[in-house]
A.B. asks: 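The structure that follows is given in the form of C-alpha cells.
Everything numeric here is computed off the predicted structure, so don't read it as measured data. Keep in mind that the numbers below use all heavy atoms, side chains included, and drop hydrogens, waters and symmetry copies.
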There are 2 protein chains.
Amino acid sequence: MKILFRMLCLVLLPLAIFAKDSVEKWARYEASFQATISGNPFVGIPFKATFSNGKISKTVAGFYNGNSEFKIRFMPEEEGEWKFVTSSSHKQLNNKTGVFMCVPPTGNNKGPVKVANKYHFSYANKERYIPVGTTVYAWTHQSTALQYLTLNTLKESPFNKLRFCVFPKDYSYVKEEPELFAYHQSKKAETIQGKTKYYWDFTSFNIPFFDSLEKRIDQLDAAGIQADIILFHPYDKKRWGFDSMGYENDLVYLQYITARLASFKNVWWSMANEFDFVKYKTWQQWDDYSRFVYENDPYRHLLSIHNGLEIFDNWKPYFTHASIQNCSAVEDFGRAVLYRDAYGKPVVYDEVCYEGNLPQRWGRLSGEEMVAAFWQAAIAGTYAQHGETYRMPGDTVFWAKGGRLVGTSIPRIKFIHDLQKQSNGYWQLADVWRDHQTAQVDSSEYIIYFGKKMTNQWYFNIPKKNGPLGTAKYKAEIIDTWEMTITPVNEVFEVRSESDYRLIDINNKSIRLPDKPYLAIRLKKIK
Amino acid sequence: MKILFRMLCLVLLPLAIFAKDSVEKWARYEASFQATISGNPFVGIPFKATFSNGKISKTVAGFYNGNSEFKIRFMPEEEGEWKFVTSSSHKQLNNKTGVFMCVPPTGNNKGPVKVANKYHFSYANKERYIPVGTTVYAWTHQSTALQYLTLNTLKESPFNKLRFCVFPKDYSYVKEEPELFAYHQSKKAETIQGKTKYYWDFTSFNIPFFDSLEKRIDQLDAAGIQADIILFHPYDKKRWGFDSMGYENDLVYLQYITARLASFKNVWWSMANEFDFVKYKTWQQWDDYSRFVYENDPYRHLLSIHNGLEIFDNWKPYFTHASIQNCSAVEDFGRAVLYRDAYGKPVVYDEVCYEGNLPQRWGRLSGEEMVAAFWQAAIAGTYAQHGETYRMPGDTVFWAKGGRLVGTSIPRIKFIHDLQKQSNGYWQLADVWRDHQTAQVDSSEYIIYFGKKMTNQWYFNIPKKNGPLGTAKYKAEIIDTWEMTITPVNEVFEVRSESDYRLIDINNKSIRLPDKPYLAIRLKKIK
C-alpha cells in the first residue's frame, strides 16, 4: 500500500506542480498585490494572510514593498496543498486568495534550526545542528565586491552561522558609510564640524536596502549558513541614530523586519549585540521588544539577546537560548556548564574574544586559545563561536567588515566540528560538576580533553555516572586538536561497573601521551 | 531642640512602657485569644489581624495553638505605637483590639537579614551581614541533651547561619526517631516487617513540636544565628511520609508554619533541600509553594530553594537569593561568579561538599579544601557555607545530628569572616571575567587570593577597571589563610592610571611570597 501510494505520488506530484505554484517545505512562498494607498503605506494599512493546509493554519503579517506593491511571505512547514486568504482594512488587499503546493525539500534544505535535547540544536528535519559560527558585524554595509569576497570566504570555511547587524556600525576598524540605508531620509544636513547629520523618516523604509539584505540572507542559506541577525546594537555614536529611534519607531521597525524576514528559514533573531551598552533603551524595552519579535514570528525562529557586561533575563520563555559574551567562561575547565545549568537552555558563547592581533584584550587570542575555547565549550555541552580580528596592512579586519580569513584556528574548528558530526549524538559532561574533562555521547563514546596542560600518561578512567553497566570494552584514539591527527591506540580497555565513582581498566592500563598540550582522547565502546 | 526632645523621650518612654506592652523593633509581639470551636480549629477558622502604626499597616495570619487558644504574632519594623484589630468569621476571634509600644532595639538585635547591594546582605539596621553558615539537618530531632550540646558548639563557633529541616531525616548517619512530630497521629501500626507505619492527620498539628522548634529558633537568634529553615526535603523514604502529603496538605502546612514563624526575625525560608530529589512534587508545585510562602510572609524574609542536580528557577521574583549546591563552582578560579551574573542575585553556596572523612565524595573535603572554597566564593562576591562530616567512634556526624565540631576549617573560616568584617564594604571582583583573583571593596582596598597554587613572587598589579584614578599609593599585607597570619610588607607601592588594563607599581616593585599555598595579599590605599 505504502509503495503504491508513493508511486502514485510520483506520478501525480509533477502534475500538481505544473498546475499550481510549488514551494519546497521550509522554503519561501511569496505573493504580491497591488494597491494604491493614500497616506503612508508602511504603517497605515493592516494587512495579513491566513495560510491553511486543512490541518493547521497560520496567520502572517504582510508588508509594503514600495511601488504600490504589498507582499505576503510564508514558510510552509508541512508538505501538501496550502491555501491562503488575506485580510485588510483596504479593499484592494482584502480577501485575496491563493493556493500552492508544498513539495518535499531537496538538496541542502534541512529546514530551520530548532532547540533539541534541551541544551542543543537540530534542523527541522531532525539532523543535528552544531553551531559553528563567526561574526562579521558590518559585512552587508561594505562594497558589493567585499561582500562577495566575504561570501566566498564563508563558503570555503567551516562556518554554518554568521552574526551580523542590520544597521551599520561605527566602531574601531569599521567606519564606512553604507551605500544603502534602511530608511528614507527626510533631510540631510552638514554639521558645523562638516559631518553629515542625518534626518530619517523612521516610518518609511528603503526597499533596496531590504532587497539587498534579503539577497545576502538567501546567499548564506544557499551556503548552508544560518543568519544570526542582530536587530539593534550600540555602535552608532549618534552618527545615524538607529540606536535611538524611540519606542514607537523601534516597534515599527521590528514589525516590518519580522514581516519581511520571518519566512527565511535560516534566520535567527538576535535582539541586540551588547544590549546593555545601548544607552537609549531600558530593560523593560528590551523585554517588550523581545516578546514582540517572538509574537510576530509565526515560525518561532531561534531568538536570543547578547550581553555586554550585564546578562539579560535569558530565562524568559521567548528566548530559545542564551547568547553569551564571556571569554573567561570557556578559558578553563568547569566554567562553561554553569550558565547552561542556570538557564536550562542551550548556551552559545557568541563572543569569547577573537583570534587576532589587536591591542584590545578582546581581540588578541592566539589560534590555540580560540581552538581551546571551542573544546572547553564543546565538552561542557555548550557552543563557542569564532571571530577574527587580525589587522594586516592592506587587508580588512574580518570580524568588522569581512574579506579573507587568515587565522590558524579555522581548520582546527573544522576538525572539532567533524568529530562532533561523527558522533551519534550531542556531547556533554558525563559527570557534571565532578569531572570537567570527560564528555560523552552516552556510554558508547567518550571524549576526554586535556586542555593546555600537558598530561604525560592517562590511566584509563571514566565516571561511573552515566557509564556502562556490567562489563564493557573500549578502543581509544589519541586526538591532537592542534595537529588535527587521530591516532588509534593499540589496546583494548575493559571496565567493570563495581567501583564507587570511577571506572578504571581492570588491568589498570594507561595511555602514554605525547609531550604536547591540547590533546584529547576518544573512547569507543566495542563488542 | 534635638537634645530636649531626646531628654523628653527618656522621661516619657518608660511611662509609655509601663502603660502598655512594649516590644523591641524587629522582636515579636504576641497576643492570645480563647475561642471554643466546633470542628477542626487548625483549618476551619479564618483568623487574622491588621497592625497599624498610623503610617503603615500589615495584615498577619493568626493560628490555632491548641487548648482553645488562638494566637497572632507580629514583628514591628518601626518604632512607636502600634494598634491591631483582628478579623475572623468566628465571633470570639473577631474585632479584638490591642495596642503596644515598639521600642528601640537593644543588645544584639540588628533586625532581619535582607538583600543589600544586589549581590550581598545586610541586617535591617544596615550593618553588613556576611553569611557564614553551617548545616545540621536533623539537630532538632535529636535528644534534648544533644540539641543543647549543638547549641553550645554553635555559640562558640564563627557561624551566623544554620540550615536545618523542619521534618526528621532518614539518611546515612541519621535515622533517629524524633520524640516529637509535627502532626497528630491518626493511627500507628506495625508493618509485617516489624517497622512502624505512621498514619498522620495532616490537618492537626502537634503544638509541643512547634513550641520546641520555636524555642530553638529563638535560641539561635539569641546566639546571633540565622535560622535557614528547610521546609521540605527528600530524606523520608516513605518512613514518615512528610515528603508526600499531597498538594492540599502541603499548603495547610505552609500556611500554618508561616503563620507561626514569619514573625521570628532570624527566619529564612528554604523551600527545600535538594528539591529535585523529592519524588512526589512537580516543578509547578515548587513554584506554587514558593509563591505561597512569599505571599504568606508579610515581612519578606529571605527565601530560596536549594538544588540537587537540577537548579530551580532562581530568577523568579519571590526568591531573594540563589541557594546553590555545587562543589565545583567554588573549587577553582573563575566559576563562582557565573551563577551570580546569571541570576543577578546573591549566591549562597549552601553545599560545597563537606569537610570530613566519609567514603562518599560529598563528605570528604580536607580542611584546606573547605577553607579554599570560602575564599573562592568570597573573592567572587558570593558566599560558601560550611558543613562537617567527620565520623569518629562514639561521636555524631555534625552535619547530620549536631554535637561537636572537630574540623580544621572552623578557625580559618572565622579568620576570613573577620577580614571581611574589617573591610568597609562587600568584596567582589574588580575586573569580573578577566581577573579571577583580585577582589576589591573599591579602589581603597584589594584582596588578591592565590589559591592552592604556590606563587613565588607577586609583581604589584591590579586591574585598571574600578581602580584608582591618577596616582595612588598602597600598603600591602601578606595573608596566610591557613596559618591565619597577617604580615605587613615594608614597602609602599605606587601606581599611575596610565596603562591599558593593569596598574603596576611605577618601579615595578614586587612582593616575595613564602613557598606555601593558600596565600593572599591585602592592599590598602594610603594618603
A.B. asks: Which bit of B:N326 is near chain A, if near means a heavy-atom gap under 4.5 Å: side chain, backbone, both or neither?
C.D. replies: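 Both parts, backbone and side chain.
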
A.B. asks: Considering all heavy atoms of both residues, which atom of A:Y501 and which atom of B:P359 are nearest to each other, and what is their separation?
C.D. replies: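 For A:Y501 versus B:P359, the nearest heavy atoms are CE1-O, 4.3 Å.
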
A.B. asks: Against chain A, label B:Y343 side chain, backbone, both or neither, depending on which of its atoms sit under 4.5 Å from a heavy atom there.
C.D. replies: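 Side chain of B:Y343 only, per the 4.5 Å heavy-atom cut-off to chain A.
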
A.B. asks: At what distance, to the nearest 0.5 angstrom, does CE of B:M271 lie from OG of B:S323?
C.D. replies: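 So the CE of B:M271 and the OG of B:S323 are separated by 12.0 Å.
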
A.B. asks: Looking at B:F232, is B:K281 sitting on its ring face, NZ or CZ under 6.0 Å from the six-membered ring centre and within 45 degrees of the normal?
C.D. replies: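 Verdict for B:F232: a cation-pi partner in B:K281.
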
A.B. asks: Quick one: of A:D341, A:I311, A:L338, who has the most non-hydrogen atom pairs under 4.5 Å with chain B?
C.D. replies: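 Heavy-atom pairs under 4.5 Å are most numerous for A:L338.
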
A.B. asks: Is the charged tip of B:R391 near the ring of B:Y173: under 6.0 Å from the six-membered ring centre and within 45° of its axis?
C.D. replies: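 No cation-pi geometry.
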
A.B. asks: Measure B:L309 against the heavy atoms of chain A and call it side chain, backbone, both or neither at under 4.5 Å.
C.D. replies: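 Both backbone and side chain of B:L309 come within 4.5 Å of chain A.
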
A.B. asks: Quick check for you: to the nearest 0.5 Å, what is the distance between B:Y318 atom OH and B:Y289 atom OH?
C.D. replies: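 The distance works out to 13.5 Å.
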
A.B. asks: Among the options A:C327, A:A336, A:S328, A:A322, pick out the one with the most heavy-atom pairs lying under 4.5 Å from chain B.
C.D. replies: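 Between A:C327, A:A336, A:S328, A:A322, the count favours A:S328.
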
A.B. asks: Measure A:N307 against the heavy atoms of chain B and call it side chain, backbone, both or neither at under 4.5 Å.
C.D. replies: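 Side chain only.
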
